[in-house]
Protein chains: 4
Amino acid sequence: MSEVIGEARRRSARKRADVLAVACSVVAERGADATRFADVTAATGVGVSTLQYYFGTREDLLIAVFRFAAQSDFDAVGERLAGVADPWERLMAIASHLTGAIGSDTGWRLWVESWRWALRDPELRAEVLGDYTRWHVLLAEIITAGVSAGRFATDAVPMDVARQALALIDGLALPVALGDPQVTGAMAGDLLADALGRLTGLR
Amino acid sequence: MSEVIGEARRRSARKRADVLAVACSVVAERGADATRFADVTAATGVGVSTLQYYFGTREDLLIAVFRFAAQSDFDAVGERLAGVADPWERLMAIASHLTGAIGSDTGWRLWVESWRWALRDPELRAEVLGDYTRWHVLLAEIITAGVSAGRFATDAVPMDVARQALALIDGLALPVALGDPQVTGAMAGDLLADALGRLTGLR
Amino acid sequence: MSEVIGEARRRSARKRADVLAVACSVVAERGADATRFADVTAATGVGVSTLQYYFGTREDLLIAVFRFAAQSDFDAVGERLAGVADPWERLMAIASHLTGAIGSDTGWRLWVESWRWALRDPELRAEVLGDYTRWHVLLAEIITAGVSAGRFATDAVPMDVARQALALIDGLALPVALGDPQVTGAMAGDLLADALGRLTGLR
Amino acid sequence: MSEVIGEARRRSARKRADVLAVACSVVAERGADATRFADVTAATGVGVSTLQYYFGTREDLLIAVFRFAAQSDFDAVGERLAGVADPWERLMAIASHLTGAIGSDTGWRLWVESWRWALRDPELRAEVLGDYTRWHVLLAEIITAGVSAGRFATDAVPMDVARQALALIDGLALPVALGDPQVTGAMAGDLLADALGRLTGLR
DNA sequence: TATGAATGAGAGTTCATTCAT
DNA sequence: GATGAATGAACTCTCATTCAT
């Protein structure tokens with residue numbers, strides 16, 4: 001009988017995750033503040049009460065979405081890096097995050113949404129800052145490795161370069177997400193590659 | 001008599017502008033989506049109906065705020081640049097935008113708010129993209145001047161460098177606004193100066 | 001100087017009447033309850049404050065409209081009757097009121113509006129009942145004349161026939177105004193002529 | 001469990017109908033345009049939100065009221081006709097609709113309200129015209145039966161007589177509802193009987 | 001575990017009206 | 001005499017949430 005319960009739980013958890021994935025698109029599409037239970041219901045077919053049963057408060061749902069999206073994003077980049085050895089190519093793989101390869105701009109929009117939410121929610125802020133650090137560390141490791149390997153020639157502290165790099169990625173994503181005709185995804189990719197090349201002292 | 005009316009109108013316009021200035025803080029503080037008429041009323045002492053009489057819809061009010069903030073921001077930087085001749089110092093003057101000197105982070109928060117709103121409002125999007133270009137052009141001019149003056153040594157297209165610079169500014173402002181203890185305003189200023197120095201080929 | 005004032009007053013009264021005429025269409029179109037000052041402003045170009053200056057309260061305006069419309073209606077029928085001598089033709093002239101000849105169905109709609117308003121406003125009710133009586137008396141006179149002239153052969157009290165006649169007119173106007181495809185204006189005219197012929201004992 | 005749910009639904013539907021019945025009086029009393037949610041709340045004890053949950057928009061509520069009233073009216077006359085065989089008496093039974101026997105003048109006022117609303121709402125108009133036809137058909141059947149039975153002697157098309165009859169009923173109800181002291185319910189009943197007798201050729 | 005029924009709090013918006021010019 | 005500015009009151013509607021099943 002405990003197995004039956006276990007299976008029911010698993011099924012339930014599965015459904016919860018499915019709902020969460022769809023909710024991500026909804027939040028990315030409408031913005032967190034404008035996302036109502038009813039919107040998620042419309043997108044998932046799961047009744048409002050059930051959503052509340054799964055996630056609790058509307059805020060709880062949003063935070064669950066943010067968490068889920070942040071993790072998915074990081075995981076996706078991790079997978080992409082798996083087979084890449086060269087530091088520069090690893091850097092570019094992360095940068096292509098920007099060109100929209102990872103789920104159109106859903107990921108990026110959610111990132112802004114959660115960032116904005118974190119401005120006013122201390123608990124979420126801690127998580128977001130943690131994520132920030134994860135990315136910084138990941139980038140710094142790559143840069144350190146690149147310097148060791150003689151691929152990069154820079155005297156700067158790797159963590160500083162990492163912060164500059166992430167800032168460039170974020171800052172270039174803004175106009176791309178907004179659809180600026182003067183800064184398309186491809187152009188942003190080029191600008192980014194050029195800037196990162198200069199900042200790392202790429203050989 | 002027309003003079004009297006004229007004065008009434010002028011006083012009215014003045015009051016409108018005052019309200020707008022206060023509304024900026026409110027929107028920066030609470031976020032656009034969470035800003036209710038009642039919040040602006042509480043902050044200004046001006047009744048809800050009067051706000052609607054001045055601005056129309058809640059959305060209209062928000063857009064008026066965005067417009068006002070964008071203009072103020074640009075004007076403020078313009079003033080700051082007025083007495084500065086050296087290209088590098090001009091660049092740094094704009095960059096100090098980031099360190100919060102211009103108006104705590106109110107300006108920056110409003111920038112994100114309007115950016116986010118523009119994602120879903122085509123009309124506002126056009127304006128925001130226009131503002132983007134204004135900044136790009138301003139930066140490019142400075143870079144061009146710096147190259148001519150022999151202050152910067154780079155073979156890159158000035159407009160490209162401008163875009164990289166603005167991306168860095170925006171991207172570094174994110175963690176600062178969020179209060180990341182690892183990326184304070186001062187540190188961000190240093191990171192920015194360093195990166196801009198490398199990207200422009202500062203001598 | 002008193003002449004100047006007199007002229008100003010006359011001009012003002014003229015304007016007031018003009019506004020009233022337009023307001024009639026507005027009320028007929030939108031219904032009394034749904035008629036706002038703003039609607040009348042939109043239709044006349046006269047500012048809201050000016051309307052209030054002319055008519056006072058919104059209710060006052062509506063009642064002015066009802067009064068104006070009732071009088072216009074009665075006057076219009078009076079003119080139409082002026083050159084008609086034969087009792088039956090006089091009856092038909094009044095009946096053609098129904099076919100919409102007098103002013104599309106504006107007149108009739110206003111009649112229903114004022115009737116409905118009179119249900120809840122004692123003062124207006126008195127006026128509307130007075131108008132009712134005016135019509136009854138007019139019809140009864142025609143019938144009496146027709147009997148005297150040997151045109152009608154009925155033993156009924158003329159005032160009773162008048163009431164039946166007016167009821168028929170009102171009752172047939174309802175579906176016509178509603179646009180019932182089974183009771184068009186022309187058909188209603190025939191039904192009315194037939195019924196009145198039978199009720200008056202037309203020879 | 002499905003039984004329990006079924007019962008909850010049934011109870012809910014019951015409550016909805018109860019509310020609707022009370023709402024009818026409110027609308028008849030105040031007029032449709034002047035009926036606010038708050039008025040129905042005051043009369044029923046059911047909260048505003050609940051009314052909206054049941055009926056939707058304010059307009060939806062009004063239309064539900066109109067529908068309910070129209071059906072009730074028709075049903076009530078149907079019951080009254082059940083035991084009556086003689087065509088003339090059947091006609092009089094319908095006519096007594098006017099004398100206010102069927103629920104004071106609530107029914108009639110609602111009829112006017114829905115008629116007026118139908119002027120501006122196409123969907124409702126279709127329904128009202130349908131109701132109109134129902135009454136016409138009912139009356140025409142009675143007249144046809146009366147002619148066959150030799151009770152009525154008229155060469156007119158039954159449907160035409162039906163339309164004249166309904167017009168008389170409607171037209172006489174107007175002054176009665178308005179409380180015209182010269183056309184009371186009883187007098188209107190006599191006028192109607194007299195006129196219908198003449199139009200049908202009652203023997 | 002999952003879901004429909006019911007409801008209160010809150011917000012935007014409309015509109016008549018008052019006041020000053 | 002005529003009109004724009006300002007404002008409060010009223011109302012509808014949305015939405016999260018609680019309760020019962």
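What you see below is based on every heavy atom in this structure, not just the backbone, and it leaves out hydrogens, waters and symmetry mates. Convention: sequence-line order gives letters A, B, ...; per-chain numbering from 1.
- For the pair B/Arg30 CZ and E/dG10 C1', the computed distance is 12 Å after rounding to whole Å.
- Annotation: of the two residues near DNA chain E, C/Gly56 and D/Gly47, the 5′-most nearest-nucleotide partner is D/Gly47.
- The nearest whole Å value for the distance from the CZ atom in B/Phe37 to the P atom in E/dA11 is 12 Å.
- Between the side chain of C/Arg67 and the backbone N or O of C/Leu124, no donor-acceptor pair lies under 3.5 Å.
- Look at CD on D/Gln52: it is 15 Å from P on E/dA9, rounded to the nearest Å.
- Under a cut-off of 6.0 angstrom, the local environment of CD in D/Glu127 is crowded, with over 12 non-hydrogen atoms contributed by other residues, nucleotides or ligands.
- Note that CG of B/Leu62 is 10.5 Å distant from CZ of B/Phe55, once rounded to the nearest 0.5 Å.
- Between B/Thr50 and A/Thr57, the one whose closest nucleotide on DNA chain F sits nearer the 5' end is B/Thr50.
- Looking at B/Arg36, its side chain never comes within 3.5 Å of a backbone N or O of B/Arg58 through a donor-acceptor pair.
- Counting non-hydrogen atoms under 4.0 angstrom, D/Val48 reaches nothing in the nucleic acid.
- Residue C/Leu61 contributes atom CG, which lies 15 Å from atom P of E/dC15 at whole-angstrom precision.
- Between B/Tyr53 and E/dT14, a side-chain N or O to OP1/OP2 separation shorter than 4.0 Å is absent.
- Per the geometry, CZ belonging to A/Arg36 stands 14 Å off C1' belonging to F/dT17, to the nearest Å.
- The CZ-P distance, from B/Arg58 to E/dT14, rounds to 15 Å in whole Å.
- In this structure, B/Glu29 places its CD atom where only 12 or fewer heavy-atom neighbours from other residues, nucleotides or ligands lie under 6.0 Å away.
- When the P atom of E/dA11 is taken as reference, atom CG of A/Asp33 falls 14 Å away, rounded to whole Å.
- When the side-chain nitrogen and oxygen atoms of A/Tyr54 are compared with OP1 and OP2 of E/dT1, none of them lie within a distance under 4.0 Å.
- We find that CD of A/Glu59 is positioned 12 Å from C1' of F/dA16, with the value rounded to whole Å.
- In this entry F/dA20 has E/dT3 as its Watson-Crick or G-U wobble partner, both defining distances falling under 3.5 Å.
- Taking 4.0 angstrom as the limit, A/Ser49 places none of its side-chain polar atoms (N or O) nearer than this to OP1 or OP2 of E/dA2.
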